[in-house]
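Let me begin by presenting the structure, written as structure tokens, before commenting on it.
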2 protein chains.
Amino acid sequence: MSKPTEDELRPFFATIAARDTISDEEHRALVSAMGDRRVIAAGTDIAREGDRPPVSTLVLSGMTARYSTVEDGGRQITGLHLAGDFVDLHSFPLKIMDHSVASISRCTIAVVPHAELKHITEQFPHLTRVLWLLTLLEGSIHRQWLVAKGRLTADEQMAHLFCEQYVKAGIAGLTEGGRFALPLTQTQLGDALGLSIVHTNRTLQRLRRTRAIEWQDGIVQILDWDMLQELGQFDGSYLHLERVPR
Amino acid sequence: MSKPTEDELRPFFATIAARDTISDEEHRALVSAMGDRRVIAAGTDIAREGDRPPVSTLVLSGMTARYSTVEDGGRQITGLHLAGDFVDLHSFPLKIMDHSVASISRCTIAVVPHAELKHITEQFPHLTRVLWLLTLLEGSIHRQWLVAKGRLTADEQMAHLFCEQYVKAGIAGLTEGGRFALPLTQTQLGDALGLSIVHTNRTLQRLRRTRAIEWQDGIVQILDWDMLQELGQFDGSYLHLERVPR
DNA sequence: CGGTTAATTGACCCACTTCAAGCGCGGTGG
DNA sequence: CCACCGCGCTTGAAGTGGGTCAATTAACCG
């Protein structure tokens, strides 16, 4: 149990820096709002539907997913989160979780008490707008997933997801030579795409056969970014990668 | 051209009041932030993808939709908005529109300059959290649509959408005797559900045959709420209808 | 070395799409 | 006044993308 190091917080500040500049004072305010870091095993629920968490969770390393389940036992993953993502920052204004968040791999997380966030909204209006922005990026990604699920084929949708994860990892500084970690099982990938396992497997085989990507042992290697982007009709502008004063 | 009346703003304040209580001072701050009201014809774009709107738009009457288009010309509606909805409040922190918003029926709208919203974030931290909350409800609804699209059948999904629209209209005070306005064409309904027109039509016929709803001339009449809710596996908790201090 | 979980494959089925056509209605221009 | 058009809705028929069921293999693990 200890505060997260500046190094562990780098992906977080990188995701902010990709959209706006914050002052040293704002930076310090965020750092001092952090509670202790914690390591959690793969497959652990971080927050559950119906919870009223007194803290929000920042991912320092590893991958998490938000998901909901339906009556017949089906599961839909509605978001994938890596280091730098404030997975349930929205529980600060919303108060009650309307879905669950779980670790997918072993993760390091830091929690930020809602009382600290409240203090930020009272003392740092610009920083508040930046945090607000972070929660809205989520919504933007949700919309893109909706478009993909509603109007693209499974092949296009899967390519789109790989594009998105690659760009997101890049922002957080977690790519190297076109490689990044995607420690998902095919079942989980299918739950994110809203596809059956069988079809997920076959779609993935087709995608691999295009030689646009490789994916082994939880590591994706981009082989042909242009092709992948075209396959997925990917246009990253919904990720709002412009440094604009907010 | 004139400021919106208190009467026109009632649905807006009702959507807030369903989640939190705001002070008279906060109420006045919102009212005074409003710019002139405007009437726009059906089928008009209010904001377009790529725009950098200097204002956010509040719907006073009528229905609007947010949508994106894909390469083959397909359109996906990612949200439906009625009186009381702040359709592009998220453009305040995000700055750039990542999708378009259009009027579906003839609408009355009011615009709120971003400068006014900025002022609110500087002077009214609690009100800021409430506005933040409003933008997060959007995300919550997006997630629910994702779950429906990914894991429910077309019949379930359509029933779910009718449930959601009914509850949302109720919050805004726009229902009466189980009736509310839903001035969509079947094509638009299909675009919201991510279905073809033909299948939308047939799914709607099946739904009508259950006698859970009637839908004529843009007016929905709920006939059997329990059945509709069950058909759509609808649980409204994602709409966050709890008055909780934020 | 048995047990479990992830990935894979085959076979069959059905929910949803696409293509095509027809109908009713309101609007419009000659 | 009517012929014509476009749009929204509806229906039929045929095709297909993706689901379900079932079984096999491979890797890991205690």
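Note that the coordinates shown come from a computational prediction; the quantities given were computed from them, not determined experimentally. Order of the sequence lines sets the chain letters (A, B, ...), proteins ahead of strands, with each chain counted from 1.
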Please work out if [X] contacts a base, only the sugar-phosphate, or nothing of the nucleic acid, heavy-atom cut-off 4.0 Å.
{"X": "A:T153", "value": "sugar-phosphate"}
{"X": "B:T185", "value": "sugar-phosphate"}
{"X": "B:G190", "value": "nothing"}
{"X": "A:R151", "value": "nothing"}

Nearest-nucleotide wise, let me know which of A:A154 and A:V198 is further upstream toward the 5' end of DNA chain D.
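So the residue in question is A:A154.
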Nearest-nucleotide comparison on DNA chain D, the residue closer to the 5′ end among B:R202 and A:R202
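Taking each residue's closest nucleotide, the earlier one in sequence belongs to B:R202.
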Check the angle between the aromatic planes of B:W215 and B:F162 and answer parallel, tilted or perpendicular using the 30° and 60° thresholds.
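If you compare the ring of B:W215 with that of B:F162, the planes turn out perpendicular.
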Determine the interplanar angle of the B:F180 and B:Y166 rings, folded into 0 to 90°, and report it as parallel if under 30°, tilted if 30 to 60°, perpendicular if over 60°.
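B:F180 vs B:Y166 ring planes: tilted.
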Calculate the interatomic distance between [X] atom [atom1] and [N] atom [atom2]; express it in whole Å.
{"X": "B:H199", "N": "D:dT11", "atom1": "NE2", "atom2": "P", "result": "15 Å"}
{"X": "B:L195", "N": "C:dC16", "atom1": "CG", "atom2": "C1'", "result": "8 Å"}
{"X": "A:K149", "N": "C:dC16", "atom1": "NZ", "atom2": "P", "result": "11 Å"}
{"X": "A:D217", "N": "D:dA26", "atom1": "CG", "atom2": "C1'", "result": "13 Å"}
{"X": "A:L189", "N": "C:dA7", "atom1": "CG", "atom2": "P", "result": "9 Å"}
{"X": "B:N201", "N": "D:dG12", "atom1": "CG", "atom2": "C1'", "result": "12 Å"}
{"X": "A:Q186", "N": "D:dA26", "atom1": "CD", "atom2": "P", "result": "16 Å"}
{"X": "B:R206", "N": "D:dT11", "atom1": "CZ", "atom2": "P", "result": "12 Å"}

Any side-chain heavy-atom pair of [X] and [Y] under 4.5 Å:
{"X": "B:Q188", "Y": "B:L80", "value": "no"}
{"X": "B:I141", "Y": "B:L239", "value": "yes"}
{"X": "A:H240", "Y": "A:S140", "value": "yes"}

Most 5' of A:G150 and A:I197 on DNA chain C, judged by nearest nucleotide
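The residue mapped nearer the 5' terminus is A:I197.
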Verify the contact: side-chain N or O of A:Q205 to OP1 or OP2 of C:dT9, cut-off strictly under 4.0 Å; return yes or no.
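Yes, such a contact exists.
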